[in-house]
Amino acid sequence: MKKYECLVCGYVYDPAKGDPDGGIAPGTAFEQIPDSWVCPVCGAGKDQFKAVE
């Protein structure tokens, strides 16, 4: 699964880790995260993330 980086603050969403504090379980692909989820660091929306290798 690809990692996704926040274009606003540089936070990287790692599917292997998820975002437990945000209610996203480890192993959750970025595409499966609800659209209402926001970056846990800066609050940017999912549309502010891009895939990184």
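Criterion: ILVMFWY side-chain heavy atoms under 4.5 Å apart, direct or through other members. Under it, Ile24 and Tyr11 are part of a common hydrophobic cluster.
Here the closest heavy-atom approach between residue Val38 and residue Gly45 is recorded as CG1-CA, 4.4 Å. Closest of all the heavy-atom pairs between Pro20 and Gly18 is CD-C, 3.6 Å. Taking both residues in full, the closest heavy atoms of Gln48 and Ala44 are given as CB-CB, 3.9 Å, listed atom of the first, atom of the second, then distance.
Within the 6.0 Å centre-distance limit, the rings of Phe30 and Phe49 are counted as a close aromatic pair.
When side chains are defined from C-beta on, Asp14 does not count as touching Pro26, because their heavy atoms never get closer than 4.5 Å. In this structure the side chain of Pro15 reaches within 4.5 angstrom of the side chain of Lys3, judged on heavy atoms. No side-chain heavy atom of Met1 sits under 4.5 Å from any side-chain heavy atom of Glu31. Put simply, the side chain of Leu7 reaches to within 4.5 Å of the side chain of Lys50, judged on heavy atoms.
Here the NZ atom belonging to Lys46 is positioned 8.0 Å from the CH2 atom belonging to Trp37, to the nearest 0.5 angstrom. Rounding to the nearest 0.5 Å gives a distance of 7.5 Å between CD1 of Ile33 and CG of Asp19.
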